[in-house]
J.: 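Handing you a structure now.
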Amino acid sequence: MNKIVLVTGATSGFGEAIAEIYAKNGLNVIITGRRKERLELLKSHLENNYQTKILALNFDVRDKNAVFNAINSLPEEWKNIDILINNAGLALGSSPIQEGNIDDWETMIDTNVKGLLYVTKAVAPVMIKNNKGHIVNIGSTAGKEAYPGGNVYCGSKHAVQGITDGMRQDLVQYGIKVTQICPGMAETEFSLVRFKGDKEKADNVYKGVTPLTAEDVAQVTFFVTSGLAQHVEIRDLVMSCQQQANSFVVHRKSE
């Protein structure tokens, strides 16, 4: 069987584009997500367009038992995962800390931090047994510098940075590569989710800017896992559109 890649949060945005680029290049892909209908549509699309095998697992990374049940119950031919892309994540709200919504905080922490830990805990043993593998954690420039209204989201992505660094040290002896990719401003469902469906607020985030696309992030993800010699590891990669110098300096062109 060809190499196997598992992509969490594959039903939209980065995850969907990442699943597609691996399928296009002949890898067998395990796609996971909360939205069953979207997951099945993506599975059909990939199978119909590329000569590869796709396995869909419908679960929420926040559900510890569902994560372990799904991964521990993989068919034998799907167990030896070569590449894990911990992509599932989200931002909710942009209120200052004193006005924050606690339910939103818990959703972000449970998805961005605990979900990543659950999936890694379930997948890492097979990579250790095989003495090979590559784990990619999709972080964010929000994990490099906090910004007003970002508080808990930024905190969750700072946690991804620390977990990635620790994970790499724990797994280096087993020949497992660990990479963090930190995109900046990217136009996906991210802002629409953050502003809970308010399209005007979401569109304003990208006004006057040509942001990253999901496909840009997918290309970089594929390169760091497949375009380098075995002895080369990209540990931490920050990417943004040209108009974004950092979280505070964005050159917006007038229309």
J.: Given side chains that start at C-beta, do those of L84 and V136 come closer than 4.5 Å, heavy atoms only?
T.: no
J.: Does K79 have more than 12 heavy atoms from other residues, nucleotides or ligands lying within 6.0 Å of its NZ?
T.: yes
J.: Look only at the side chain of N112 and the backbone of L90, and say whether a donor-acceptor pair between them is shorter than 3.5 Å.
T.: yes
J.: Any heavy-atom pair between the side chains of S156 and W105 that's under 4.5 Å?
T.: no
J.: I'd like to check I85 versus T221 (side-chain heavy atoms, cut-off strictly below 4.5 Å). Are they in contact?
T.: yes
J.: For the side chain of K114 and the backbone of K64, is there at least one donor-acceptor N/O pair under 3.5 Å apart?
T.: no
J.: Kindly say whether G33 contributes a backbone atom to a donor-acceptor pair with the side chain of T11 at under 3.5 angstrom?
T.: no
J.: Is there a side-chain contact between D63 and V67 in this structure, where contact means two heavy atoms from C-beta onward sitting under 4.5 Å apart?
T.: no
J.: Do any N or O atoms from the side chain of N137 and from the backbone of Q161 form a donor-acceptor pair under 3.5 angstrom?
T.: no
J.: Quick one: does N25's side chain get under 4.5 Å of S226's, heavy atoms only?
T.: no
J.: Find out whether the Lys NZ or Arg CZ of R62 is both under 6.0 angstrom from the six-membered ring centre of Y118 and within 45° of the ring's axis.
T.: no
J.: If only atom types and distance count, is the side chain of N48 paired as donor or acceptor with the main-chain N or O of S44 below 3.5 Å?
T.: yes
J.: Has N2 got a side-chain atom pairing as donor or acceptor with N28's backbone, closer than 3.5 angstrom?
T.: no
J.: Is atom CD of E99 surrounded by more than 12 heavy atoms (other residues, nucleotides or ligands) closer than 6.0 Å?
T.: yes
J.: Does any non-hydrogen side-chain atom of R194 lie less than 4.5 Å from one of L92?
T.: no
J.: Heavy atoms, side chains only, cut-off 4.5 Å: are E20 and L46 in contact?
T.: yes
J.: So, R235 side chain and T179 main chain: donor-acceptor pair closer than 3.5 Å or not?
T.: no
J.: Heavy atoms, side chains only, cut-off 4.5 Å: are V61 and F59 in contact?
T.: yes
J.: Within the side chain of R252, is there an N or O that forms a donor-acceptor pair under 3.5 Å with the backbone of V209?
T.: no
J.: Return yes when atom NZ of K144 has more than 12 non-hydrogen atoms of other residues, nucleotides or ligands closer than 6.0 Å, and no otherwise.
T.: yes
J.: Any donor-acceptor pair under 3.5 Å linking the side chain of D110 with the backbone of G115?
T.: no
J.: May I ask you to check whether Y22 and Y50 place their ring centres under 6.0 Å from each other?
T.: no
J.: Examine F248 together with Y147 and report whether their ring centres are nearer than 6.0 Å.
T.: no
J.: Tell me if the NZ atom of K196 is crowded by more than 12 foreign heavy atoms within 6.0 Å.
T.: yes
J.: With a 3.5 Å distance limit and no angle check, can you tell me whether E189 reaches the backbone of S12 through a side-chain donor-acceptor pair?
T.: no
